[in-house]
Amino acid sequence: MAQQHTTSLRLRLRYRFDHLVSGGTTALIGWLALACLAVVVPASMVLVWSDRAAPATLSGRLTAVWVSVGQTLKIGGAVGSPLYVLASVSLALVALLFVSTLVSLITTGINRRIMSLRLGHSTVLETRHTVVLGWSDQVFPVIGELVAAHANQRRSAIAVLAPQDKVWMEDEISTRVRDHGRTRIICRNGSTTDPTELCRVSPRTAKAVLVLPPTGDTGDAHVVKTLLALDAAVPGSGEGEAVVVAAVRDSRNHMTARLAAGPTGHVLCVDDIVARLLVQTARQPGLSLVYSELLDFEGDEFYPVAAEGLTGRPFGEALLSFATSSAVGLLHSDGSVTLNPDPGAVIGPADRIIVISQDDDTAVRADVASHVEEAAIVTAGPRIAQAERLLLLGWNRRAPLVIEQLDQYVSPGTTLDVVALGEYAATRGAPVVTATRSRLDVSFHDGDITDPLTLAKLDVPSYDSVIVIGETEPAASACGSASDAHAVALAPVTDPQARADDRTLVALLHLRALGDAAQRELALTTEMSDDGNRLLAPARGGADFIVSGRLISLLMTQISESPYLAEVFEELFKAEGHEFHLKPAADYVRAGHEVSFATAVESARRRRECAVGYRLRARSATGPDYGVRINPDKRQRVRFSEQDWLIVLAES
């Protein structure tokens, strides 16, 4: 027995309507005409018959109905001979068709233009703007820092080009970067490797172009192709050309990207920079806080200022010539940089002084030499470097670079224990173990860094420093340990970087428990990919975190605004040359006595160092600065204890 349909009247009418619409344009016009007549004619008859002034005769009333119908349907409603009425209706229909077509064309054109704008295919007509090419999590800190850098500018613009929906990009940026200030953010859709689509953001008239590395193993290849497309879109070079700043993840692709960027481009290597900072910070706890302060635009940054009144004078005089800024080097006329020059080096007529200051207009000359207190200056001998016991937890592509950098910094006899999954130690660690090293003794141990039993056997509190890096290789997910299964259950993600951060968070939980049990504060330096995960990290306040994504974003924005900083950071991050150190304040000034910071600067000058700040032990666990004070007023008086540190720029 056939089942009867029990559909509602509304559904049956909708089905009939859909069937009529599917019949095509001609059928639709016919049915619409019949529907209009079915409504208009009876309504017109009601109006005429209910009108007291209507004609008395039937023919007169029908004529009145015709006039009403014609006026309602815009076909005139003329009265006269049949030929006259037919001609009148024909002209009215032609006029109606013409107007309707014209309105349709105008509407279609406007809609097409609106859709084009929403798709982000129009060209940006800006000058001296900043172009950001590519889309990743780094785009948000980059835009945030650029907005902060342009806060004192009346008009600025940032143009973003990525193969994403324009409206979606704008919504994401508005959500993650809430305060745009006076900076306009313009998004365009397009491939960054297509020279034609690159022109949508006008790189030729931009002041800076930032090429972000996409997420994934093929990200570096995409950066190289983008740099080549940029060269094709803006051929040639010359004065006034935009500053190009790019970043690649793998150090093996660094040289290729530099060739693609050309002689004037700046390419940062994420692996190399992160490895160097991990090593520097592991040996000097608190150094990551110093770099965080110097790299973002909300605090103190590097600025070049004119050497007015100091030309021909020794650089040592410049150290005490600024009350609220700290001189750290010289920018020469050829664009080269000298960090921490000899105090007797003469400042040339074309040289500019590189200072750490709140802003470019706060570096005001003010001689503070009179605030130096000779009686408070301490002459301490150099401390004898001692061998250390270091622990490296985890293994990834950057681990060999970390070991290589450690060998350049540590004292002879220093030992490094590496704990990683067995497959890592066998296949990844062997080449490093056999490499030639002069100071560092490396040994590998098979273990899962997320397993509390593995960490308990290591006696972690006995190590001088602990470095935790994320395990991003596929082997990490192949491990079948129970603790690794717990990490998966916490966050069943497939992104390797997110997976690495998850394992790092689990390891930090166990390390904190070990530190609490031993009643000792562990010297931890941790690598993470996502700054959001750093906020979740179970670590003490002021702990050292090297967040690779945010770090590279800050460096790129700093260099895009001041290209000379590429050379500054290159020297700061390498083992040779000059870098920031946290040294005992008691080696410079009398501990327990209130002294001016100018006294500490003078004491450091006599050691051929530039003092730029300090860190107080008593506030090392209290935010937001965790005891770090960069660029204090040199007239300010401070009481240092035996456990406090002076932040100095000195030779390694």
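The structure displayed is predicted, hence computed values, not measured ones.
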K.L.:
Using the side chain to side chain donor-acceptor pair (under 3.5 Å) rule, take Asp544 and Thr281 through it: C-alpha gap first, then chi angles, then the decisive distance, then the call.
P.N.:
CA-CA 7 Å; Asp544 287 297; Thr281 305; 5.1 Å; no
K.L.:
Output, in order, the C-alpha distance, side-chain angles, deciding distance and verdict of ring-ring contact (aromatic ring centres under 6.0 Å, His included) for Trp135 and Phe140.
P.N.:
CA-CA 9 Å; Trp135 187 270; Phe140 306 112; 5.5 Å; yes
K.L.:
Should the pair Asp342-Arg608 be classified as a salt bridge under the 4.0 Å nitrogen-to-oxygen rule?
P.N.:
yes
K.L.:
Check the pair Phe573 / Tyr291 against ring-ring contact (aromatic ring centres under 6.0 Å, His included), numbers first and verdict last.
P.N.:
CA-CA 11 Å; Phe573 294 152; Tyr291 279 114; 5.3 Å; yes
K.L.:
Quick one, Ile469 with Leu278, criterion side-chain contact (heavy atoms from CB on, under 4.5 Å). Give me CA distance, side-chain angles, the key distance, then yes/no.
P.N.:
CA-CA 9 Å; Ile469 61 177; Leu278 279 171; 3.9 Å; yes
K.L.:
Show, in sequence, the C-alpha distance, side-chain angles and deciding distance for Leu555 and Leu295, and conclude whether the side-chain contact (heavy atoms from CB on, under 4.5 Å) test is met.
P.N.:
CA-CA 7 Å; Leu555 284 172; Leu295 289 177; 3.6 Å; yes
K.L.:
If you count heavy atoms of other groups shown closer than 6.0 angstrom to NZ of Lys574, is the number above 12?
P.N.:
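Yes.
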K.L.:
Any chance the side chains of Asn396 and Glu527 put a donor and an acceptor closer than 3.5 Å?
P.N.:
yes
K.L.:
Are there more than 12 heavy atoms of other residues, nucleotides or ligands under 6.0 Å from atom CZ of Arg389?
P.N.:
yes
K.L.:
Are Arg499 and Asp502 ion-paired here, with the side-chain N under 4.0 Å from a carboxylate O?
P.N.:
no
K.L.:
Using 4.0 Å as the upper bound for N to carboxylate O, is an ion pair formed by Asp625 and Arg629?
P.N.:
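Result for this pair is no, no salt bridge flagged.
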K.L.:
Charged N to carboxylate O under 4.0 angstrom, Arg398 versus Asp271?
P.N.:
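Yes.
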K.L.:
His222 and Thr192: side-chain donor and acceptor closer than 3.5 Å?
P.N.:
yes
K.L.:
Rounded to the nearest 0.5 Å, what separates atom CG in Leu212 from atom OG in Ser553?
P.N.:
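Leu212 atom CG to Ser553 atom OG measures 7.0 Å (nearest 0.5 Å).
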K.L.:
Can you see whether Tyr588 engages Glu609 through a side-chain donor-acceptor pair at a distance of less than 3.5 angstrom?
P.N.:
yes
K.L.:
Measure the spacing between OG of Ser603 and CG of Asp587 and express it to the nearest 0.5 Å.
P.N.:
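Interatomic distance, Ser603 OG to Asp587 CG, rounded to 0.5 Å: 9.0 Å.
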K.L.:
Between Glu602 and Arg606, does a salt bridge (charged side-chain N to carboxylate O under 4.0 Å, His left out) hold up when you go through it step by step?
P.N.:
CA-CA 6 Å; Glu602 173 60 21; Arg606 297 178 184 182; 2.8 Å; yes
K.L.:
Working note: Thr193 + Thr226, criterion side chain to side chain donor-acceptor pair (under 3.5 Å); need CA distance, chi angles, decisive distance, verdict.
P.N.:
CA-CA 5 Å; Thr193 60; Thr226 299; 5.9 Å; no
K.L.:
Check the side chains of Ser443 and Asp417 for a donor-acceptor pair under 3.5 angstrom, ignoring hydrogens and angles.
P.N.:
yes
K.L.:
Are Asp633 and Thr324 close enough that a side-chain donor and a side-chain acceptor fall under 3.5 Å?
P.N.:
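No - no donor-acceptor pair under 3.5 Å links their side chains.
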K.L.:
Does a side-chain N-to-carboxylate-O contact under 4.0 Å join Arg276 and Glu570?
P.N.:
yes
